[in-house]
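This report concerns only the one structure given below.
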Amino acid sequence: MSAAEEGGVFHRARGRTLDAFPAEKESEWKGPFYFILGADPQFGLMKAWSTGDCDNGGDEWEQEIRLTEQAVQAINRLNPKPKFFVLCGDLIHATPGKPWRTEQTEDLKRVLRTVDRAIPLVLVSGNHDIGNAPTAETVEEFCQTWGDDYFSFWVGGVLFLVLNSQFYQNPSQCPSLKQAQDQWLDKQLSIARQRHCQHAIVFQHIPLFLESIDEDDDDYFNLSKPTRKKLADKLIHAGVKVVFSGHYHRNAGGTYQNLDMVVSSAIGCQLGRDPHGLRVVVVTAEKIVHRYYSLDELSEKGIEGDLMDLIKKK
């Protein structure tokens, strides 16, 4: 059964857009809304990390299945419903060509099929999804399995841009694909400037930086200094307010000029002291407010009153 035959949960990003949100209906501001952001369910990492073999381990992922099921159940109970649920990459742990990739993919699909059909999924590619040095073949595999690797969509007058951050990290095996995304992004940012959208928001897997635009290169968890500075300046010039990322398996972030970099911890394996969790992001006419919840908190208590007040404010 192909992704497109599974009831429309997957493959919603086609032709560099998300068909759940027709641009002609969503390009004008309609009032506050919210969405849910998760990152790194990464089926298989918890076992691999515990054994110290992250390259070849990961032959069990029952813990990640349970955690992702808990996340989906918590999201489905929310009222009002979020506009969408975005997963900021590393959907599974097994990289292209590694054992258990097919099994991890099928198990994640099975869990994500239980997301309320009224809540569209926005899926971002991570380095484990397309490889640390992606090729045309690994990118195409992702697109066939989950949908486009980069795209844009409008929700209530807000422009959302989903980027393939691996093209910034290591495009050595697919320079033409990186060039195509660069050209596409320039056009999208031009639209953002010309149309004066209410906000512009970016999703990508690898953060620009973890705390500061001037921090040292990590060679894994952040983008290189020249790359991050060039991209950040381009986004700021177009009026982008915030970049949301995962990858770090910890909460982090900072601000560069008027651009917020928000690094959200994982649904799956934690590499720091944060709980398994999700981020609630509220978009008002004036600002973007976000808060990280543990899965237990969101399951048991839901969204706190101050955020609900913002969501319901007319």
Side-chain angles (χ1 to χ4, degrees), residues 18 20-21 26 29-41 67-90 111-112 114-116 118-124 153 155-162 198-205 207 240-255 260-268 270 272-314:
L18 197 65
F21 298 109
E26 295 288 346
W29 178 252
K30 299 176 182 178
F33 63 89
Y34 82 104
F35 61 88
I36 300 295
L37 182 139
D40 303 273
L67 289 164
T68 308
E69 286 175 339
Q70 184 182 2
V72 169
Q73 290 164 8
I75 293 168
N76 286 346
R77 284 196 293 265
L78 293 172
N79 184 27
K81 296 183 187 302
K83 283 288 187 178
F84 58 86
F85 171 31
V86 56
L87 279 173
C88 269
D90 277 3
V111 176
L112 293 182
T114 66
V115 175
D116 189 312
I119 304 172
L121 282 169
V122 178
L123 301 174
V124 182
F153 61 100
V155 177
V158 177
L159 177 61
F160 291 92
L161 301 171
V162 175
Q198 195 74 27
H199 303 288
I201 296 172
V202 168
F203 300 125
Q204 61 185 56
H205 179 61
V240 174
K241 301 287 183 65
V242 60
V243 176
F244 288 102
S245 295
H247 189 53
Y248 193 43
H249 294 258
R250 287 154 283 201
N251 287 313
T255 301
D260 288 334
M261 178 68 249
V262 180
V263 186
S264 206
S265 197
I267 293 173
Q270 297 296 317
R273 297 183 178 180
D274 296 298
H276 308 281
L278 294 165
R279 190 171 296 272
V280 175
V281 184
V282 180
V283 182
T284 75
E286 298 81 19
K287 57 188 178 180
I288 299 160
V289 182
H290 54 89
R291 187 171 302 160
Y292 188 82
Y293 286 85
S294 73
L295 296 182
D296 289 340
E297 287 175 326
L298 197 60
S299 298
E300 296 168 6
K301 300 178 181 179
I303 300 173
E304 292 168 293
D306 61 326
L307 294 184
M308 291 300 296
D309 290 341
L310 291 175
I311 295 168
K312 295 176 180 178
K313 185 179 179 181
K314 300 299 182 183

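The figures here come from the full heavy-atom set of this structure, side chains too, leaving out hydrogens, waters and symmetry mates. Quick caveat, the model's predicted, so the values are computed rather than measured.
- Contact check for Val281 versus Ile288: side-chain heavy atoms found under the 4.5 Å cut-off.
- Heavy-atom minimum distance, Leu67 versus Gly268: CD1-CA, 4.3 Å.
- Between Val111 and Thr114, the shortest heavy-atom distance links the atoms O-OG1, 2.5 Å.
- A distance of 10.0 Å separates CZ of Arg291 from CD1 of Ile303, quoted to the nearest 0.5 Å.
- Taken from NE2 in His249 to OG in Ser265, the straight-line distance is 8.0 Å, to the nearest 0.5 Å.
- Using a distance-only test at 3.5 Å, with no hydrogens or angles considered, a donor-acceptor pair links the side chain of Asn76 to the main chain of Asp116.
- Looking only at side-chain heavy atoms (C-beta outward), Asn251 and Ser264 come within less than 4.5 Å of each other.
- Counting only distance, with no hydrogens or angles, the side chain of Gln198 and the backbone of Ala285 share a donor-acceptor pair below 3.5 Å.
- Minimum interatomic distance between Trp29 and Thr284 (heavy atoms only, all atoms of both residues): CH2-C, 3.4 Å.
- Side chains of His247 and Pro207 form a contact here, defined as non-hydrogen atoms less than 4.5 Å apart.
- Aromatic ring centroids of Phe84 and Phe160 lie under 6.0 Å apart.
- Counting all heavy atoms, side chain and backbone alike, Leu278 lies closest to Gly38 at CD2-CA, 3.7 Å.
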Practice item. Could you go through the side-chain contact (heavy atoms from CB on, under 4.5 Å) check for Ser245 and Val262 one step at a time? Key: CA-CA 6 Å; Ser245 295; Val262 180; over 6 Å; no

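- Between Tyr34 and Val289 the shortest side-chain heavy-atom distance does not fall below 4.5 Å.
- Interatomic distance, Phe85 CZ to Leu123 CG, rounded to the nearest 0.5 Å: 8.5 Å.
- The aromatic rings of Phe203 and Phe35 lie perpendicular to each other, with more than 60° between the two planes, well past the 30° mark.
- For the atom pair CG (Leu161) and CD (Gln204), the distance works out to 10.5 Å, reported to the nearest 0.5 Å.
- You'll find the side chain of Val86 stays beyond 4.5 Å of the side chain of Phe244, heavy atoms only.
- Nearest heavy-atom pair across Pro41 and Gly89 is CD-O, 4.1 Å.
- Counting non-hydrogen atoms of neighbouring residues, nucleotides and ligands closer than 6.0 angstrom, the NZ atom of Lys30 exceeds 12 such neighbours.
- The side-chain heavy atoms of Leu37 and His290, taken from C-beta on, include no pair separated by under 4.5 Å.
- The side-chain heavy atoms of Val280 and Glu304, taken from C-beta on, include no pair separated by under 4.5 Å.
- Within the 4.5 Å cutoff, side-chain heavy atoms of Ile311 are placed close to those of Pro80.
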**Study point:** Full working for side-chain contact (heavy atoms from CB on, under 4.5 Å) between Val162 and Phe153
**Key:** CA-CA 9 Å; Val162 175; Phe153 61 100; 4.2 Å; yes

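- To the nearest 0.5 angstrom, Lys81 atom NZ is 8.5 Å from Leu78 atom CG.
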Practice item. Begin with the C-alpha distance, continue with both residues' side-chain angles, and end with the deciding distance and a verdict on side-chain contact (heavy atoms from CB on, under 4.5 Å) for Leu87 and Leu112. Key: CA-CA 11 Å; Leu87 279 173; Leu112 293 182; 4.1 Å; yes

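- The distance from atom OG of Ser299 to atom CD of Gln70, rounded to the nearest 0.5 Å, is 4.0 Å.
- For the pair Gly246 and Ala39, the tightest heavy-atom approach, listed with the atom from each and the gap, is CA-CB, 3.8 Å.
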